[in-house]
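A short worksheet on the structure shown next.
Scope of the values below: all heavy atoms of this structure, side chains included, with no hydrogens, waters or symmetry mates. By convention in this document, chain letters (A, B, ...) are assigned in the order of the sequence lines, proteins followed by strands, and residues within each chain are numbered from 1.
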Amino acid sequence: MPIQSAKGAYDILPNETYKWQYIESIIREICELYNYKEIRTPIFENTDLFVRGVGESTDIVSKEMYTFLDKSERSITLRPEGTAGVCRAYVEHKLYSELNYLTKVYYLGSMFRYEKMQKGRQRQFTQFGVEALGGEDPSIDAEVISLAVNLIKKLGLKEVKVAINTLGDKESRLKYREALINHFKPEIDTFCGDCQRRLELNPLRVLDCKVDHDKPSMAKAPKMVDYLNDYSKNFFEKVLKHLDYLGIEYVLDHNLVRGLDYYNHTVFEVMSKVEGFGAQTTLCGGGRYNGLVEELEGPNTPGIGFAFGLERLILSLEAENIAIPDQNFVDVYIVSMSEKTNEIAFKLQEELRQNYIKCDKDYFNRKVKAQFKSADRYNARFTVVVGEEELENQKMIIKDMIAQTQEVVEINNIVLELKKRLEVK
RNA sequence: AUGAUAGUAACUCAAUCGGUAGAGUAGUGGUUUGUGGUACCAUUAGUUAAGAGUUCAAGUCUCUUCUAUCACCCCA
């Protein structure tokens, strides 16, 4: 059997790359507007980075990483997410040395997680993410969310909602954690195995459990809001106020718990609501991660960011029937009438390209009719017909494929004539 | 990791009880000796995901593997 692509990896074929290029161009445009600069970090890192950064108790680290030993027995991992690598680079290159400057970066690239496949969830996938490091003003949280919302808007997605929650700071979270453990402990034996394990590891995630979702004690569980200290409460209120200033609609979701250990304070998600979209409805997830840089042995640095899944963005564009612009055309298709005219057609092609005219021609000595069919397939704006009769008089034919008119032109003027017509277009 | 469903031409899909693998689209050639898109005609295209088994006979039944989809899990 011929070799297939590895499980969970897939090809983006030449007739669909335009979709990615389109989304990428919009992403870069928006990041430019918000003054975020691109950062490119390695696709593989030392495994420790993710164990310490993302957190040992997370699903990502405990069961989804592509980890291997290199030839010197170093443990290497293909990046499962982008934030840890960015923070590592931030510390390693001391990007914090410019005090009172917010470091605003974005990344765009492949991530790898060993997961069970599903639509909108593959093992190699593409994320676009943003990180703002070195600032703790609530307006930064709002700015980051605004960037995400504007990307959605610019793409034309409508069936989307923004959910937001706060996890509070370390102190609040510890208190809440205790309260949760105390609340569930007496009857934890009646919960599912996952919950029993999570209770000590990360009790917040018990709240997410779908198996035990309907248990009465679930509804009576202590709420994060009641355990927030004044600073955390105040901070979250300010974030919401800033979102209101911007007119961004959101839904408060007290059960929104991100699965990565580094999050605190603001967490949010952008979800698709379209009918017929896959089971994976989260387009974007993110939040604040004060303390992560410190964990990676950098200075105490607040940070916030998010990540989008590009595959899911494309799926949701398709689910909402939003056309993605496709620049599939050539300016000129060159038709060569016979073998005798092939040489001059070939030279003409090169000359047009030197003049930035996008063109193509036949490579199989096909009949004139077939060549015109190709011209249509490539959406040629004009064809240049190179024929023996015309050549004797040093002429060529320019045919306008839309107006269906054609003109005989001096060979010496052909580039000029084409340029004139293409500009008018 | 587990459970369920599916995989047939480049694409979308047919094929009755186990009985000759078939259409539309796309491609190629022609109707029109050197001019396209629509139309008409012709034509290419498949080891039925891979492998094994049952049977006179397997796309169809059984088993294994691979891949996808759904559930579960989680998230982007």
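When the C1' atom is used for both B/C56 and B/G18, the distance is 12 Å, rounded to whole Å. Nucleotides B/G7 and B/C61 place their P atoms 10 Å apart, quoted to the nearest Å. Here, B/U44 and B/U38 have their C1' atoms 23 Å apart, quoted to the whole Å. For the P atom pair drawn from B/G27 and B/G19, the interatomic distance equals 35 Å after rounding to whole Å. If you take atom C1' in B/A10 and the same atom in B/A26, they sit 7 Å apart, rounded to whole Å. For the C1' atom pair drawn from B/U8 and B/A68, the interatomic distance equals 15 Å after rounding to whole Å. Comparing the same atom, C1', in B/C17 and in B/G59 gives a spacing of 15 Å after rounding to whole Å. Here the separation of B/A14 from B/A23, taken at their P atoms, is 16 Å to the nearest Å.
Ranking B/C73, B/C75, B/G36 by closeness to the A/Arg121 side chain, first place goes to B/C73. For A/Gln404, the listed nucleotide lying nearest its side chain is B/G36; candidates were B/G34, B/G36, B/C75. When distances run from any side-chain atom of A/Arg377 to the nucleotides B/G27, B/G36, B/U35, the shortest one goes to B/G27. With B/C70, B/C73, B/C66 as the candidates, the nucleotide lying closest to the side chain of A/Lys119 is B/C70. Which of B/A68, B/G3, B/G36 sits closest to the side chain of A/Lys116 comes down to B/G3. In the set B/U67, B/C72, B/C75, B/C72 carries the atom at the smallest distance from any side-chain atom of A/Gln118. The side chain of A/Glu115 approaches B/A76 more closely than any other nucleotide in the set B/U35, B/A71, B/A76. For A/Arg312, the listed nucleotide lying nearest its side chain is B/A76; candidates were B/G34, B/A76, B/G36.
Residue A/Glu131 forms a side chain to side chain donor-acceptor pair (under 3.5 Å) with just one option from A/Tyr289, A/Tyr106, A/Tyr36, and that option is A/Tyr289.
Neither side chain, A/Thr166 nor A/Arg288, offers a donor N or O lying under 3.5 Å from an acceptor on the other. Side-chain polar atoms of A/Asp169 and A/Asn290 form no donor-acceptor pair below 3.5 angstrom.
Backbone-only contact: A/Asp59 has heavy atoms under 4.0 Å from sugar-phosphate atoms and none from a base. Using a 4.0 Å heavy-atom cutoff across all strands shown, A/Glu389 reaches at least one base atom of the nucleic acid. Here A/Ile397 lies in heavy-atom contact (under 4.0 Å) with a base. Counting any heavy atom pair closer than 4.0 Å across all strands shown, A/Glu81 reaches no nucleic acid atom. Among the atoms of the strands shown, none is found under 4.0 Å from any heavy atom of A/Gly129. Heavy atoms of A/Met401 sit under 4.0 angstrom from at least one base atom. Using a 4.0 Å heavy-atom distance criterion, A/Ala375 is classed as making no nucleic acid contact. When heavy atoms are screened at a 4.0 angstrom cut-off, A/Met337 is found touching base atoms of the nucleic acid. A/Gly286 comes within contact range of no nucleotide atom at all, as no heavy-atom separation falls under 4.0 Å. When heavy atoms are screened at a 4.0 angstrom cut-off, A/Glu311 is found touching no nucleic acid atom at all. Across all strands, A/Leu283 comes closer than 4.0 Å only to sugar-phosphate atoms, never to a base (heavy-atom distances).
Proximity of A/Gln371 to the phosphate of B/U35: no side-chain N or O atom is located under 4.0 Å from OP1 or OP2. Between A/Lys7 and B/A68 there is a side-chain N or O to OP1 or OP2 distance below 4.0 Å.
Each of A/Gly309 and A/Ala370 was assigned the nucleotide of RNA chain B with the nearest heavy atom; the assignment lying further toward the 5' end belongs to A/Ala370. Both A/Val386 and A/Ser5 lie close to RNA chain B; mapped to their nearest nucleotides by heavy-atom distance, the more 5′-ward contact belongs to A/Val386.
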Under 3.5 Å, which donor-acceptor pairs do the side chains of residues 4-15 of chain A form with other protein atoms, sequence neighbours left out?
residue : atom : partner  : partner atom : Å
A/Ser5  : OG   : A/Ala9   : O            : 3.1
A/Tyr10 : OH   : A/Glu311 : OE2          : 2.5

Would you tabulate the side-chain donor-acceptor contacts of residues 53-63 of chain A under 3.5 Å, counting partners in other chains and residues two or more places apart, or write 'none'?
residue : atom : partner  : partner atom : Å
A/Ser57 : OG   : A/Asp261 : OD1          : 3.3
A/Ser57 : OG   : A/Asp261 : OD2          : 3.0
A/Thr58 : OG1  : A/Gly55  : O            : 2.7
A/Thr58 : OG1  : A/Val61  : N            : 3.3
A/Asp59 : OD2  : A/Arg205 : NH2          : 3.2
A/Ser62 : OG   : A/Thr58  : O            : 2.8

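Base orientation for B/C13: anti, the chi torsion being more than 90° from 0.
Not a single donor-acceptor contact under 3.5 angstrom links the side-chain atoms of A/Lys369 to the base of B/U28. Between the side chain of A/Gln122 and the base of B/A68 there is no donor-acceptor pair of N/O atoms closer than 3.5 Å. A donor and an acceptor atom never sit less than 3.5 Å apart when one is taken from the side chain of A/Lys373 and the other from the base of B/G37.
Between A/Arg353 and A/Glu351 there is no salt bridge, since none of the side-chain N atoms of the basic residue sits less than 4.0 Å from a carboxylate O of the acidic one. Classification of A/Arg52 and A/Asp48 as a salt-bridged pair fails, no side-chain N sitting under 4.0 Å from a carboxylate O. Salt-bridge check for A/Glu249 with A/Lys161: failed, with every basic side-chain N at 4.0 Å or more from each acidic carboxylate O. Salt bridge status for A/Lys116 with A/Glu64: absent, with no side-chain N to carboxylate O gap under 4.0 Å.
With pairs defined as Watson-Crick or G-U wobble and both atom distances under 3.5 Å, the stems of at least three pairs that touch RNA chain B come out as B:2-7 with B:66-71, B:10-13 with B:22-25, B:27-31 with B:39-43, B:49-53 with B:61-65.
Per the stacking criterion (ring centres < 5.5 Å, plane angle < 30°), A/Phe308 does not stack onto the base of B/A76.
Regarding A/Gln406, its CD atom lies at a distance of 10 Å from the P atom of B/G36, rounded to whole Å. Residue A/Asn15 contributes atom CG, which lies 14 Å from atom P of B/G27 at whole-angstrom precision.
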**OP:** Determine, stepwise, if the pair A/Glu32 / A/Lys37 fulfils salt bridge (charged side-chain N to carboxylate O under 4.0 Å, His left out).
**Re:** CA-CA 7 Å; A/Glu32 188 80 12; A/Lys37 298 224 160 64; over 6 Å; no

